[in-house]
Chemist: 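Got a structure for you, questions after.
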Amino acid sequence: MRPVSVLRAALLDWYDAHGRSLTWRAPPGSPRPDPYKVWLSEVMLQQTTTAHAAPYFEAFTARWPTVADLAAAEDGDVMAAWAGLGYYARARNLLACARAVANDHGGVFPDTEAGLLALPGVGAYTAAAVAAIAFGRPANVVDGNVERVMARLFAVETPLPAAKPELKRLAATLVADDRPGDWPQALMDLGATVCRPGAPLCGACPLTVWCAGYASGQPGRWPLKAKKADRPHRTGIAWVLRDEEGRVALVRRPDKGLLGGMTGLPTSDWSVSQADAAPPVAADWREAGAIEHVFTHFSLTLTVRTATGAGDFLWTDPDAALAALPTVFRKALERGLA
DNA sequence: GAGTCGTGGAG
DNA sequence: TCTCCAAGACT
């Protein structure tokens with residue numbers, strides 16, 4: 001028996017005993033999982049924790065049980081249902097992908113990695129994951145977990161992100177034909193729960209006999225990482241305008257860019273220095289404090305001003321607005337309503 | 001290749 | 001409080 005097959009068997013045995021039961025996984029012993037649900041869960045899980053994505057997955061599959069249902073949905077309904085999950089380009093691409101499957105593929109997902117890769121919002125990771133998990137095709141599924149496991153297993157001295165190609169090549173050496181759907185999930189589960197960021201739990205790991213990082217005595221040293229740039233700070237103003245019936249004035253943001261395609265509050269530009277920008281309509285504006293929010297590449301202080309008035313807006317009841325807004329605007333609206 | 005693109009939990 | 005970063009994709 002060759003070492004790679006022994007390593008694989010050790011990890012798959014561990015997975016059978018300790019793998020996480022996640023709601024979107026097909027129950028053990030059941031036939032192949034629904035490609036629609038596999039794809040939906042993988043998109044939701046991009047850069048997102050399982051705990052955060054899980055309720056969204058349940059809501060989406062209850063409301064849109066098939067890819068045809070999702071393809072037929074209204075854009076605004078899908079964007080509102082995604083509100084709070086972040087990376088809103090995923091929601092736009094999700095709809096585009098569902099409609100491509102419905103219109104160009106007869107309602108059936110492509111069953112090859114290359115076919116999947118051509119779909120909107122489906123990159124190298126997601127194409128490989130769906131091909132393996134939904135269609136049983138051996139694929140090199142590499143996410144942040146797998147990169148970390150490879151970096152430790154092989155003591156890779158190149159820092160991320162430059163190490164990505166090398167880590168992917170190393171992961172490819174472990175791909176084989178048996179249990180193709182379970183293999184990536186076993187690797188990712190190990191990375192999430194045992195070979196985790198920070199201090200790994202090597203006492204619970206089935207791979208220590210192969211692991212160069214473990215042998216070094218300092219497995220937490222990997223993966224090496226390049227220093228990140230500092231996060232700049234920006235400021236702006238958010239206006240909470242309400243009509244005589246108490247409804248809130250919202251605007252639809254442009255499709256591209258930050259929070260693209262989502263509804264939002266009217267705001268000033270978010271500049272480096274606080275600008276005393278002109279409000280969307282003339283009114284008796286009053287200060288209502290400020291909120292802080294942190295995005296991936298900048299942090300933001302948003303001053304909130306409130307008034308009563310009228311104008312050409314999307315007038316929305318406060319409860320509906322809070323449910324449909326991305327978090328930064330939900331915070332600002334809550335401040336304005338308080 | 002480097003920047004853009006959210007959010008919230010963990011340490 | 002602050003840093004990290006999660007089943008990444010796109011330009």
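Heavy-atom basis, side chains included; hydrogens, waters and symmetry copies ignored. Nothing here was measured: the structure is a model prediction, and the numbers come from that model. Within every chain, numbering begins at 1; the chains are lettered A, B, ... in the order of the sequence lines, protein sequences first and strands thereafter.
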Chemist: What distance, rounded to whole Å, do you find between the two C1' atoms, one in B:dG3 and one in C:dA7?
Modeler: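 The answer is 23 Å between these two C1' atoms.
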
Chemist: Round to a whole Å and report the spacing from CG of A:Asn145 to C1' of C:dC5.
Modeler: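 After rounding, the gap between these two atoms is 11 Å.
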
Chemist: Taking 4.0 Å as the cut-off, does a side-chain nitrogen or oxygen of A:Gln47 come that near to OP1 or OP2 on C:dA6?
Modeler: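 So the side chain of A:Gln47 is outside the cut-off, no N or O lying under 4.0 Å from OP1 or OP2 of C:dA6.
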
Chemist: Please give, in whole Å, the distance from B:dG8 C1' to A:Glu292 CD?
Modeler: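 Value for this atom pair: 16 Å.
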
Chemist: Using OP1 and OP2 only, check whether a side-chain N or O of A:His52 sits under 4.0 Å from C:dA6.
Modeler: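 For A:His52, the contact criterion (side-chain N or O under 4.0 Å from OP1 or OP2 of C:dA6) is not met.
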
Chemist: Between atom OG1 of A:Thr158 and atom CG of A:Leu224, what is the distance when rounded to the nearest 0.5 Å?
Modeler: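 Separation between the atoms: 8.5 Å.
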
Chemist: C1' atom, B:dG8 versus C:dC10: distance in rounded Å?
Modeler: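 Looking at atom C1' only, B:dG8 and C:dC10 are 24 Å apart.
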
Chemist: At 4.0 Å (heavy atoms only), tell me whether A:Ala53 reaches a base, stays on the sugar-phosphate, or touches nothing.
Modeler: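 The answer is nothing, as A:Ala53 stays clear of every strand by at least 4.0 Å.
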
Chemist: How far, in whole Å, is B:dC5 from C:dC5 if one measures between their C1' atoms?
Modeler: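 To the nearest whole Å, 15 Å.
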
Chemist: Base, sugar-phosphate alone, or nothing: which one does A:Val146 contact when heavy atoms must sit under 4.0 Å apart?
Modeler: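 The answer is nothing, as A:Val146 stays clear of every strand by at least 4.0 Å.
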
Chemist: Between A:Arg148 and C:dA6, is there a side-chain N or O to OP1/OP2 distance below 4.0 Å?
Modeler: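 Looking at the OP1 and OP2 atoms of C:dA6, one of them is under 4.0 Å from a side-chain N or O of A:Arg148.
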
Chemist: Within 45° of the ring axis of A:Trp183 and under 6.0 Å from its six-membered ring centre, is that where the NZ or CZ of A:Arg8 lies?
Modeler: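 That pair qualifies as a cation-pi contact.
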
Chemist: Please state how far atom CE in A:Met262 lies from atom C1' in B:dT7, giving the value in whole angstrom units.
Modeler: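 Computing the A:Met262:CE to B:dT7:C1' distance gives 12 Å.
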
Chemist: Spell out yes or no: do the side chain of A:Tyr87 and the base of B:dG6 have one donor N/O and one acceptor N/O closer than 3.5 Å?
Modeler: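 In this structure, the two groups form a donor-acceptor pair.
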
Chemist: Can A:Arg234 and A:Thr301 be said to form a side-chain hydrogen bond (donor to acceptor under 3.5 Å, both in side chains), step by step?
Modeler: CA-CA 6 Å; A:Arg234 300 182 188 174; A:Thr301 300; over 6 Å; no

Chemist: What nucleotide among C:dG8, C:dC4, C:dA7 has an atom nearest to a side-chain atom of A:Ala192?
Modeler: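 In terms of side-chain proximity for A:Ala192, the closest of C:dG8, C:dC4, C:dA7 is C:dA7.
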
Chemist: Answer whether the closest heavy-atom distance between the side chains of A:Val328 and A:Leu302 falls below 4.5 Å.
Modeler: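 Counting from C-beta outward, A:Val328 and A:Leu302 do come under 4.5 Å.
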
Chemist: Could you pick out which residue, A:Ser41 or A:Val122, lies toward the 5' side of DNA chain C when each is mapped onto its nearest nucleotide?
Modeler: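 Whichever sits nearer the 5' end wins; that is A:Ser41.
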
Chemist: Looking for any heavy atom pair under 4.0 Å, which part of the strands does A:Pro326 touch: base, sugar-phosphate only, or nothing?
Modeler: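 If one applies the 4.0 Å heavy-atom cut-off, A:Pro326 turns out to touch the sugar-phosphate alone, with no base involved.
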
Chemist: At less than 3.5 Å, do the side-chain atoms of A:Arg20 and the base atoms of C:dA7 form a donor-acceptor pair?
Modeler: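 It does, because a donor-acceptor pair links the side chain of A:Arg20 to the base of C:dA7 below 3.5 Å.
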
Chemist: Tell me what A:Gly121 touches on the nucleic acid: a base, only sugar-phosphate, or nothing, going by heavy atoms under 4.0 Å.
Modeler: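 The residue A:Gly121 makes sugar-phosphate contact but no base contact.
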
Chemist: Please give, in whole Å, the distance from B:dA2 P to A:Lys227 NZ?
Modeler: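 Distance check: A:Lys227 NZ to B:dA2 P gives 15 Å.
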
Chemist: Rounded to whole angstroms, how far apart are CZ on A:Arg90 and C1' on C:dC10?
Modeler: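 In whole Å, C:dC10 C1' lies 14 Å from A:Arg90 CZ.
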
Chemist: Look at the side-chain N and O atoms of A:Thr126 and state whether any lies under 4.0 Å from the OP1 or OP2 oxygen of C:dA9.
Modeler: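 Indeed, a polar side-chain atom of A:Thr126 lies that close.
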
Chemist: So, does A:Arg330 get its side chain near the phosphate of B:dG8, meaning an N or O under 4.0 Å from OP1 or OP2?
Modeler: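 True: A:Arg330 side-chain N/O within range (under 4.0 Å) of B:dG8 OP1/OP2.
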
Chemist: Base, sugar-phosphate, or nothing for A:Leu259, non-hydrogen atoms under 4.0 angstrom?
Modeler: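 Sugar-phosphate, no base atom in range.
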
Chemist: Nearest to the side chain of A:His293, which nucleotide is it out of C:dC5, B:dT7, C:dA7?
Modeler: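 The listed nucleotide nearest to A:His293's side chain is B:dT7.
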
Chemist: Taking all non-hydrogen atoms of both residues, which atom of A:Cys211 and which atom of A:Arg152 are closest, and how far apart?
Modeler: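 In terms of heavy atoms, the two residues are closest at SG-O, 3.5 Å.
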
Chemist: Identify which nucleotide among C:dA7, B:dT7, C:dA6 has an atom closest to any side-chain atom of A:Tyr88, counting heavy atoms from C-beta outward.
Modeler: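 Selected nucleotide: B:dT7.
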
Chemist: Between atom CZ in A:Phe295 and atom P in C:dC5, what is the gap in whole Å?
Modeler: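 Between P of C:dC5 and CZ of A:Phe295: 21 Å.
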
Chemist: Please work out if A:Lys225 contacts a base, only the sugar-phosphate, or nothing of the nucleic acid, heavy-atom cut-off 4.0 Å.
Modeler: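 If one applies the 4.0 Å heavy-atom cut-off, A:Lys225 turns out to touch the sugar-phosphate alone, with no base involved.
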
Chemist: Measure the CH2-CG distance between A:Trp14 and A:Asp189 for me, rounded to the nearest 0.5 Å.
Modeler: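 Answer rounded to 0.5 Å: 5.0 Å.
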
Chemist: Starting from the 5' end of DNA chain B, give me the residue, A:Pro165 or A:Arg231, whose nearest nucleotide shows up first.
Modeler: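 Taking each residue's closest nucleotide, the earlier one in sequence belongs to A:Pro165.
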
Chemist: Using the C1' atom as the reference point in each nucleotide, state the distance between B:dG1 and C:dT11 in Å, no decimals.
Modeler: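 It comes out at 11 Å once rounded to the nearest Å.
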
Chemist: Classify A:Gly191 by what it touches in the nucleic acid, base, sugar-phosphate, or nothing, heavy-atom distance under 4.0 Å.
Modeler: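 Counting heavy atoms under 4.0 Å across all strands, no contact is made by A:Gly191.
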
Chemist: Students often get this wrong, so: under 4.0 angstrom with heavy atoms, is A:Pro184 touching a base, only sugar-phosphate, or nothing?
Modeler: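 Nothing, no heavy atom under 4.0 Å.
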
Chemist: Quick one: label A:Val328 by what it contacts on the DNA or RNA (base, sugar-phosphate, nothing), any heavy atom closer than 4.0 Å.
Modeler: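 Here A:Val328 touches the backbone only, sparing every base.
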
Chemist: CG of A:Leu325 versus C1' of B:dG6: gap in Å, rounded?
Modeler: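 Taking atom C1' of B:dG6 as the reference, CG of A:Leu325 is at 14 Å.
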
Chemist: Between the base of B:dG6 and the side chain of A:Thr327, is there a donor-acceptor distance below 3.5 Å?
Modeler: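 Check fails, no donor-acceptor contact within cut-off.
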
Chemist: In whole Å, what is the span from the CG atom of A:Leu300 to the C1' atom of B:dC5?
Modeler: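 Rounded to whole Å, this separation is 15 Å.
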
Chemist: Identify whether any heavy atom of A:Gly257 sits under 4.0 Å from a base atom; if not, whether one sits that close to sugar-phosphate; answer base, sugar-phosphate or nothing.
Modeler: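 Sugar-phosphate contact only - A:Gly257 comes under 4.0 Å of backbone atoms but never of a base.
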
Chemist: Under 4.0 Å between a side-chain N or O of A:Lys164 and OP1 or OP2 of C:dG8?
Modeler: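 No, outside the criterion.
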
Chemist: With a 4.0 Å limit, can you tell me whether A:His297 has a side-chain N or O closer than that to the phosphate oxygens OP1/OP2 of B:dC5?
Modeler: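 Looking at the OP1 and OP2 atoms of B:dC5, one of them is under 4.0 Å from a side-chain N or O of A:His297.
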
Chemist: So that I know where these two stand, are A:Tyr56 and A:Trp82 an aromatic pair - ring centroids less than 6.0 Å apart?
Modeler: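 Here the rings of A:Trp82 and A:Tyr56 have centres that are no less than 6.0 Å from each other.
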
Chemist: Measure from the ring center of A:His293 to the ring center of A:Phe295 and say whether it is less than 6.0 Å.
Modeler: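 They qualify: ring centres under 6.0 Å apart.
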
